[in-house]
Amino acid sequence: MRRLFPVTDQTAAPAPSGEAEREWSLAELAAAYAYPALGGDRPGGGGPDVWLRANMVSSLDGAAQHDGRSHPLSGATDMRIFGTLRALADVVVAGAETVRQEGYRPARVRDAFAAARRAAGQAPVPAIAVVSAGLELDFSLPLFAAPPVPTLLLTGAAAPADRVAAAERAGVRVVVAGDGAGVDPARAVAELAGLGLRRLLTEGGPRLLGQFVAAGVLDELCLTVSPTLTAGDAQRIAGGPSLAVPRRFELASLLEEEGFLYACYRRPAG
């Protein structure tokens, strides 16, 4: 794996001979993708300090999926980064449709990250938080029935009472994050932070990511550009209504391996 641009220092010395082609260890990947320091409350108030990161993959022609799933666009290193980003997070947030299409299972314990998670005061694995209005989910699946840490369900106050009860009987923690049937993105972030889950990772899908973007609560986008073309009418990585004014992010790092580009963009400070 090669780093094309230093994360912060544009004048950094080049890597020693042969270093550029060496595969990075998981520890090096974790250091490259470390969350910023979080603590106390957000500057100017507004609740606990929190960081929402998104991780998405796109084909060269802008598709976020192929045949309804992101996996055909991925590769071995993309999956290593995927696993690393999960291992750094307190909670993984995903929309109900993505959970169904991608066959979500509980996050698995990763021995390589166990000591770092303990040192950071984190649970052995990140919780999975599913965003759903109708709660049309199979609560007998392992994601809900047998996770290492309880799965969370983010929904609105008007969610069907019988489905809420079914989720709670299965051991799911239901978190109300909206006054109607749906979830308010900013409130979802605040509710998770209030539970002590400050390092947030969303894996979409596109509609959920679009909601986070529109609400102005996305702090960082980790985007894998896959060297593939798909054509067709697949969704982009973010959907929903367009912003009145495009929101600009800053490039924090860029890695490359075998034609895949791994970019990390962050919202400008201030």
Side-chain angles (χ1 to χ4, degrees), residues 7 24-43 46-56 77-95 98-99 102 104-131 141-154 167 170-175 177 183 185-204 208-209 212 217-222 252-253 262 264 266-267:
V7 175
W24 282 20
S25 68
L26 291 177
E28 288 171 310
L29 282 177
Y33 286 98
Y35 279 84
L38 301 174
D41 290 340
R42 286 188 164 188
D49 198 7
V50 62
W51 190 267
L52 174 61
R53 160 185 284 168
N55 181 34
M56 302 293 284
T77 297
D78 183 48
M79 294 309 299
R80 290 183 81 226
I81 292 175
F82 173 90
T84 299
L85 294 181
R86 280 196 162 198
L88 295 173
D90 295 330
V91 60
V92 177
V93 186
T98 294
V99 167
E102 301 283 351
Y104 264 50
R105 299 181 64 83
R108 60 189 180 89
V109 176
R110 305 282 298 276
D111 292 340
F113 297 100
R117 290 189 67 87
R118 284 195 300 269
Q122 294 175 296
V125 297
I128 305 294
V130 182
V131 178
L141 293 175
L143 174 62
F144 303 104
V149 297
T151 293
L152 305 174
L153 189 56
L154 295 167
V172 178
R173 180 168 186 174
V174 178
V175 179
V183 169
R187 184 168 167 185
V189 170
E191 292 289 345
L192 292 171
L195 295 174
L197 306 173
R198 299 187 176 197
R199 304 173 188 89
L200 276 54
L201 170 65
T202 181
E203 297 168 350
L208 179 61
L209 179 56
F212 283 133
V217 295
L218 185 69
D219 297 298
E220 179 179 327
L221 172 63
C222 296
S253 67
Y262 305 97
C264 178
R266 291 184 170 183
R267 58 171 172 77

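Hydrogens, waters and symmetry mates play no part in the numbers below; they use all other heavy atoms, side chains included. What you are looking at is a predicted structure, and each value in this text was computed from that prediction instead of being measured.
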I'd like a table of donor-acceptor pairs (distance under 3.5 Å, sequence neighbours excluded) in which one partner is a side-chain atom from residues 185-196, with atom names and distances.
| from | atom 1 | to | atom 2 | distance (Å) |
| --- | --- | --- | --- | --- |
| R187 | NH1 | D179 | OD1 | 2.9 |

Gap between atom CG of L221 and atom CZ of R267 - 0.5 Å precision: 13.5 Å
Results of side-chain contact (heavy atoms from CB on, under 4.5 Å) for A107 - residues two or more places apart only: R86, V125, P126, I128
G95 versus L208, closest heavy-atom pair with distance: N-CD2, 3.4 Å
Residues, nucleotides or ligands: over 12 heavy atoms within 6.0 Å of R266 CZ: yes
Under 3.5 Å donor-acceptor, T202 side chain and V93 backbone: yes
Partner of D90 by side-chain hydrogen bond (donor to acceptor under 3.5 Å, both in side chains), out of R198, R199, R117: R199
Distance-minimising heavy-atom pair for L197 and V50: O-CG2, 4.3 Å
Donor-acceptor pair, side chain of D219 and main chain of L52, under 3.5 angstrom: yes
Test item: C222 and E220 side chains (from C-beta on) under 4.5 Å apart, heavy atoms: yes
W51 and L200, any side-chain heavy atoms less than 4.5 Å apart: no
Donor-acceptor list for residues 143-152 side chains, cut-off 3.5 Å, not counting sequence neighbours:
| from | atom 1 | to | atom 2 | distance (Å) |
| --- | --- | --- | --- | --- |
| T151 | OG1 | L143 | O | 2.4 |

Nearest-0.5 Å distance, CZ of residue R80 to OH of residue Y262: 10.0 Å
Side chains of L85 and R53 in contact at under 4.5 Å (non-hydrogen atoms): yes
Spacing of CG belonging to L88 relative to OH belonging to Y33, to within rounding of 0.5 Å: 10.5 Å
Polar side chain donor-acceptor pair, Y104 to E203, under 3.5 angstrom: yes
Minimum heavy-atom distance between A167 and L153, given as atom pair plus value: CB-CD2, 3.9 Å
Nearest atoms (heavy-atom pairs only) where A54 meets L201: C-CD1, 4.3 Å
